[in-house]
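Input: a single structure, listed below in structure tokens.
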Amino acid sequence: MRTGSLLLLLWISAAAASAQKYTGPRPPKPDVLYLVHADNLVPTEVAEAKQESRKNDISFTIAGSNSPARTPLAEPIFIMEADKISPERLELYRVDVKNGHREVTMSQKRTRGGPRPLRLSVTRLDKGLYRIEASETLENGQYSISPNDSNHVYCFEVY
């Protein structure tokens, strides 16, 4: 019995010792999403979406027709040092370019279709440090990530 317990203890110790700490680049600012391009971090465009009610819809508008934060990756990876924002509350949307601005319109009625958030995967790397990944292939275009209870947005373009 002692040999079995000792082997189990050694196996657990070896597994704990082999667990790797995150050694990649760290974001310079908290609560900002950064696109990961190898060992480089590219800050996303941080903005506030203007909210406007229209009949049975709510429209969120972001100034400018395209984001300066660009990635060629169809399944982008982000990193964030979380302080005030909970990464689990983030939602990803494709935004339409209309009349020189970016826009996404949500239906207030559940019976009507509307944009659904695209899937994100959130992984804790270290205390307060998170990896956020698009869990599906994104087509070329403009995108926005936002906490589900806020008009604060992180914008980027897939090209």
Side-chain angles (χ1 to χ4, degrees), residues 20-159:
Q20 296 178 352
K21 276 253 193 219
Y22 177 75
T23 58
R26 293 196 171 257
K29 294 181 186 176
D31 294 330
V32 174
L33 281 170
Y34 291 83
L35 285 160
V36 177
H37 287 174
D39 285 338
N40 297 318
L41 298 181
V42 177
T44 56
E45 175 188 9
V46 179
E48 284 292 320
K50 181 181 162 193
Q51 182 175 332
E52 183 181 326
S53 293
R54 302 177 187 166
K55 288 189 180 183
N56 296 322
D57 298 331
I58 298 176
S59 180
F60 296 92
T61 305
I62 305 159
S65 61
N66 59 353
S67 177
R70 302 178 72 217
T71 183
L73 303 174
E75 293 182 31
I77 298 169
F78 303 88
I79 193 164
M80 180 175 91
E81 183 83 39
D83 182 27
K84 297 176 183 160
I85 295 175
S86 173
E88 293 83 11
R89 292 187 0 243
L90 295 174
E91 294 181 339
L92 170 63
Y93 289 93
R94 181 171 179 145
V95 295
D96 298 319
V97 178
K98 296 180 180 178
N99 302 323
H101 64 267
R102 292 161 283 171
E103 178 179 305
V104 64
T105 302
M106 311 288 202
S107 176
Q108 290 182 333
K109 290 186 175 181
R110 295 199 182 265
T111 58
R112 286 188 49 200
R116 300 255 186 252
L118 302 166
R119 291 182 301 237
L120 288 174
S121 170
V122 177
T123 306
R124 183 173 180 240
L125 299 174
D126 204 354
K127 182 179 180 186
L129 186 66
Y130 294 87
R131 175 184 172 120
I132 299 145
E133 301 176 64
S135 297
E136 55 191 280
T137 302
L138 304 181
E139 296 178 13
N140 289 352
Q142 300 294 318
Y143 292 87
S144 172
I145 297 177
S146 178
N148 59 12
D149 59 353
S150 170
N151 290 355
H152 195 73
V153 294
Y154 303 95
C155 301
F156 66 98
E157 176 181 358
V158 174
Y159 66 93

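Side chain of E157 to main chain of R70: no donor-acceptor pair is present (N/O by atom type, distance under 3.5 Å, no hydrogens or angles).
Residues passing the ring pair (Phe, Tyr, Trp, His ring centres under 6.0 Å) test with H152, sequence neighbours excluded: Y154.
Interatomic distance, OG1 of T61 versus CD of E52, reported as 6.0 Å (0.5 Å rounding).
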Residue pair L129, R124: steps toward the side-chain contact (heavy atoms from CB on, under 4.5 Å) verdict
CA-CA 6 Å; L129 186 66; R124 183 173 180 240; over 6 Å; no
Quick one: do E48 and K50 satisfy salt bridge (charged side-chain N to carboxylate O under 4.0 Å, His left out)? Show the steps, please.
CA-CA 6 Å; E48 284 292 320; K50 181 181 162 193; over 6 Å; no
Decide side-chain contact (heavy atoms from CB on, under 4.5 Å) for V32 and V46; before the verdict, give the C-alpha distance in whole Å, the side-chain angles of both, and the deciding distance to 0.1 Å.
CA-CA 7 Å; V32 174; V46 179; 4.1 Å; yes
Take L90 and L120 through the side-chain contact (heavy atoms from CB on, under 4.5 Å) test and state the conclusion after the steps.
CA-CA 8 Å; L90 295 174; L120 288 174; 4.2 Å; yes
Show your working on side-chain contact (heavy atoms from CB on, under 4.5 Å) between F156 and F78 and close with a plain yes or no.
CA-CA 11 Å; F156 66 98; F78 303 88; 3.5 Å; yes
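Using a cutoff of 4.0 Å between basic side-chain nitrogens and carboxylate oxygens, R54 and E103 are scored as salt-bridged.
Applying the side-chain hydrogen bond (donor to acceptor under 3.5 Å, both in side chains) test to residues at least two apart or on different chains, the pairs with a partner in residues 35-45 are H37-T71, E45-S67, E45-R102. Within the structure, every pair that satisfies the side-chain hydrogen bond (donor to acceptor under 3.5 Å, both in side chains) test and touches residues 75-87, not counting sequence neighbours, is listed here: E75-T137, S86-E88.
Inter-residue side-chain proximity for D57 and S59 is flagged as unmet; no heavy-atom pair is nearer than 4.5 Å. Side-chain atoms of V153 and I145, non-hydrogen and from C-beta on, never get closer than 4.5 Å to each other. Two residues are said to be in side-chain contact when any heavy atoms from C-beta on lie closer than 4.5 Å; Y93 and P117 meet this criterion. Side-chain contact check for S144 versus I62: some heavy-atom pair is nearer than 4.5 Å. Put simply, the side chain of L125 reaches to within 4.5 Å of the side chain of I79, judged on heavy atoms. Annotation: side chain of Y143 is not in contact with side chain of C155 (no heavy-atom distance under 4.5 Å). In this structure, L138 and R94 have side chains that are not in contact, with every pair of non-hydrogen atoms separated by 4.5 Å or more. Side-chain contact between L35 and I77: absent, with no pair of heavy atoms (C-beta onward) separated by less than 4.5 Å.
Minimum heavy-atom separation, M106 to F60: CG-CE1, 3.8 Å. Here the closest heavy-atom approach between residue I85 and residue A82 is recorded as O-CB, 3.4 Å.
N151 and Q51 are linked by a side-chain donor-acceptor pair at a separation below 3.5 angstrom, with hydrogens and angles left out of the test.
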